[in-house]
Structures are given as structure tokens and as C-alpha cells.
*Asks:* 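One structure coming up, written as C-alpha cells, with questions to follow.
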2 protein chains.
Amino acid sequence: MGTEHSTENMTPEIKAMYEVIYGIDGKRNEAREIQALQDTIYVIGGKWKLPIINSICNGNKRFREIERSIPGITTRMLSRELREMELNKLITRTVSPGPPVLVEYASTEYCWSFGRIIFEMIKWGIDHREKLKKEQIV
Amino acid sequence: MGTEHSTENMTPEIKAMYEVIYGIDGKRNEAREIQALQDTIYVIGGKWKLPIINSICNGNKRFREIERSIPGITTRMLSRELREMELNKLITRTVSPGPPVLVEYASTEYCWSFGRIIFEMIKWGIDHREKLKKEQIV
DNA sequence: TTTACTGGTATACTCTGTGATACTGGTTAC
DNA sequence: GTAACCAGTATCACAGAGTATACCAGTAAA
């Protein structure tokens, strides 16, 4: 094993994707890829960050609104994650002094950089369910 | 909030992506999207599954080979995850009776279905590092 | 003979992400 | 007046993800 990938077992589709990163003749670097992957997992790891990002990017602004849009999340987890994501500049939190006091969350540009990852994961999830459904019929 | 998304704050690029799922005039369904996202997170959640999939899909076959390719993983975690992934048909495990006994892991077709997700995450990680580097210079 | 490789297992431990439940202070609707 | 909404906080508790370290049987090279 070296640091270069074999491309023999890659589908043409996947092969074409990696040319985006490396160029057509660019050699892939396994160590760098694994590190990038681990970086990303570190940032968006856990059960809730991506669902929350998706919810806010889709226009949900209010705490309870976001909470209701994500099945299974508790107020505690949502509160914690929102605070952390605000620190990391993923979202903004705006309080308009009432009464009644209103809090609004909004996505930053940085937050949108996860759009493609989220999209691919949604797509995988939908395909996965359809696959299971078909297998049950057969 | 309804079940339909506002598309006003989507970039044209992201908008175009979702047409892949819904068709040009198809209405998006937030609940379904969140569920799909949570399904996917459930399957590939944790620190190690995606790095392992990536390693095997890149042609690493031997236990120690995979282990060395993933910084920070322990034999115990790798062993556990490999067993689970074999049960879930993500990989195959072939023992060729020696001596010496050789074990080879290989990716299944199902395993490759995560290719796009992994690619987008690698891309995000690389972009992220470059962004940090630039900010340090400035 | 010693070292180092292979493919793991065993044991013990930490730790934190996550869950369950309750509660607060204020506002608004019935 | 009481019920329900808002935006959370406080406490307690736990499973299980993940870590650390040692160890095993077998093979092979120096």
C-alpha cells in the first residue's frame, strides 16, 4: 500500500468526481483525504447538527419551530447545539426586544457550505427507504 | 411553518440539486427530508464508519493495512466496526486458509452507494483547511 | 534467538453525548 | 383564571461509543 489510490475499482462516475479535486492527471493522496474526512466528521458529527442546519437553511427561524421540525430532538439538545453553532458562526441569533421577546435564528453563508453534503445524505436516505420497500415486496 | 420549503433563500445551485429529487415543479417535503437525513446519519454515524468505507473502497484489503490508513483508530474499534459492516453487507470478509492465513476485506456494491457523500465530505474538509490557512495569513 | 509481522480478542476504564423530567418567567388567548 | 404558547435552563441518570493496554497463536525474516 502506498499513498496513491488504485483507481481500478472505481466507477467512472466516482472517478470523474475526484477529478474535481485533483484534476484529470492528479494523483490522489489517501492520507490527505482521510484527514479531510475526519475533519468534516469532527465538525458535523453527532445526531443533530446536520438536521438543525437543514432546518434553519430551510427557513425555520424560531426555537420551537426548529424543535418541531426535527423528530426526537429535546429542547436541551437543541439549545446546546444552537449555542455551539452560534459560537462557530454557523448561525446567527437575533433577539428583538418585545414585548413579546422574539428570538430568530438564521443561517450564515458558512452554514450553506454543507448544502451538498446534506443533499447527498437526503438522497441516500430516500433511495435507501425505496430499496427497503422494494425488497419487502419481493 | 408548513411542510413546504421556502426556496427564496436557496442558492440557484442548491435549488437545482433538489430538482434531482423532486423534479422542477415538485414541492419539497420537509418531514420526509429530515427523516431521510436522520436515516442516513443512523447508518453511517460515529467516528469510524465513513473512514473505514473510504479506506476499503480505495483498495485497502488487509486488517493492518486499513488500520494504518486511519489515524487514531484502535484495533478494537476497527474490529468491531468491520464485524458490524460485514453483517450489514457493506463489506465482505474472505479468509484464504494458509499457512499463512490471510484475511481480505472488500467493498460491496452497496458500500459504493456512499461514494458521493464521502466525496462531498472530503471536499468540504479540504476547502475548510484551505480557508483556515488563508485566514491565518490575513 | 529475538524481533516483527499477521489478525485479531480480553479487560478495564473514561467520558460525553444523549435522554427524561421538571421548571421558570413572561405573554397571549379563551 | 387557567390553559397554552414562547425560549429556554436545571438536574439527574445512563448506555454505549470510544480509549488504553495487554495479550494470544501463528509465520517469517535477521
*Asks:* If you compare every side-chain N and O of A:Arg62 against the phosphate oxygens of D:dC6 (OP1, OP2), does one of them come in below 4.0 Å?
*Replies:*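 False: A:Arg62 side-chain N/O out of range (4.0 Å or more) of D:dC6 OP1/OP2.
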
*Asks:* Rounded off to whole Å, could you give me the CD1-to-P distance for the B:Ile73 and D:dA20 pair?
*Replies:*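 From B:Ile73 CD1 to D:dA20 P: 13 Å.
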
*Asks:* Please determine whether a side-chain nitrogen or oxygen atom of A:Arg83 lies at a distance below 4.0 Å from atom OP1 or OP2 of D:dT9.
*Replies:*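 Answer is yes, contact under 4.0 Å.
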
*Asks:* Using atom CZ of A:Phe63 as one end and atom C1' of C:dG25 as the other, report the distance to the nearest whole Å.
*Replies:*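 Roughly 16 Å, once rounded to whole Å.
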
*Asks:* Could you pull out all residues at least two apart from A:Glu135 that satisfy salt bridge (Lys or Arg N to Asp or Glu O under 4.0 Å)?
*Replies:*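 With neighbours one apart ignored, the set is empty.
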
*Asks:* With distance as the sole criterion, do the side chain of A:Thr75 and the base of D:dT9 form a donor-acceptor contact below 3.5 Å?
*Replies:*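 It does, because a donor-acceptor pair links the side chain of A:Thr75 to the base of D:dT9 below 3.5 Å.
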
*Asks:* Heavy-atom distance under 4.5 Å between the side chains of B:His128 and A:Thr40, does that happen here?
*Replies:*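 Heavy-atom side-chain distance check fails, nothing below 4.5 Å.
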
*Asks:* Return the value, rounded to whole Å, for the distance between atom CD of B:Glu84 and atom C1' of D:dA17.
*Replies:*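 Distance, rounded to whole Å: 11 Å.
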
*Asks:* What is the distance, rounded to the nearest whole Å, between atom CG of B:Asn60 and atom P of C:dT6?
*Replies:*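 The distance from CG of B:Asn60 to P of C:dT6 comes to 12 Å, rounded to the nearest Å.
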
*Asks:* What's the CG-P distance between A:Leu82 and D:dC6, to the nearest Å?
*Replies:*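 These atoms are roughly 15 Å apart.
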
*Asks:* Return each pair, listed once, that meets ring pair (Phe, Tyr, Trp, His ring centres under 6.0 Å) where at least one residue sits in residues 39-74 of chain A; pairs must be two or more places apart or across chains.
*Replies:*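 Ring pair (Phe, Tyr, Trp, His ring centres under 6.0 Å) check on residues 39-74 of chain A returns no pairs.
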
*Asks:* Is any N or O donor-acceptor pair between the side chain of A:Arg76 and the base of D:dT11 shorter than 3.5 Å?
*Replies:*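 By the distance-only test, yes, there is a pair.
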
*Asks:* In whole angstrom, give the distance that lies between atom CD of A:Glu65 and atom P of D:dG8.
*Replies:*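 Checked: the CD to P distance equals 13 Å.
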
*Asks:* What is the distance from CZ of B:Arg80 to P of C:dA10, rounded to the nearest Å?
*Replies:*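 Going from CZ in B:Arg80 over to P in C:dA10 covers 13 Å.
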
*Asks:* Please report, rounded to the nearest Å, how far the C1' atom of D:dT19 is from the CD atom of B:Glu67.
*Replies:*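 Roughly 14 Å, once rounded to whole Å.
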
*Asks:* So which of residues 40-48 of chain B are in contact with DNA chain C, with a heavy-atom cut-off of under 4.0 Å?
*Replies:*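 Close to the strand, none.
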
*Asks:* Who passes salt bridge (Lys or Arg N to Asp or Glu O under 4.0 Å) against A:Lys49, sequence neighbours left out?
*Replies:*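 Salt bridge (Lys or Arg N to Asp or Glu O under 4.0 Å) list for A:Lys49, sorted by chain: A:Glu81, A:Glu84.
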
*Asks:* Once side chain to side chain donor-acceptor pair (under 3.5 Å) is applied, do any residues pair with B:Arg76, and if so which ones, sequence neighbours excluded?
*Replies:*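 Counting only residues at least two positions away or on another chain, B:Arg76 forms no side chain to side chain donor-acceptor pair (under 3.5 Å).
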
*Asks:* Phosphate oxygens OP1/OP2 of C:dT9: is one of them under 4.0 Å from a side-chain N or O of B:Ser79?
*Replies:*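 Looking at the OP1 and OP2 atoms of C:dT9, one of them is under 4.0 Å from a side-chain N or O of B:Ser79.
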
*Asks:* Under the rule for salt bridge (Lys or Arg N to Asp or Glu O under 4.0 Å), what residues qualify as partners of B:Arg129, not counting sequence neighbours?
*Replies:*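 If we apply the salt bridge (Lys or Arg N to Asp or Glu O under 4.0 Å) test to B:Arg129, skipping adjacent residues, the hits are A:Asp39.
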
*Asks:* Is the backbone N or O of B:Gln35 less than 3.5 Å from a side-chain atom of B:Gln38, with the two atoms forming a donor-acceptor pair by type?
*Replies:*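 No, because the side chain of B:Gln38 does not come within donor-acceptor range (under 3.5 Å) of the backbone of B:Gln35.
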
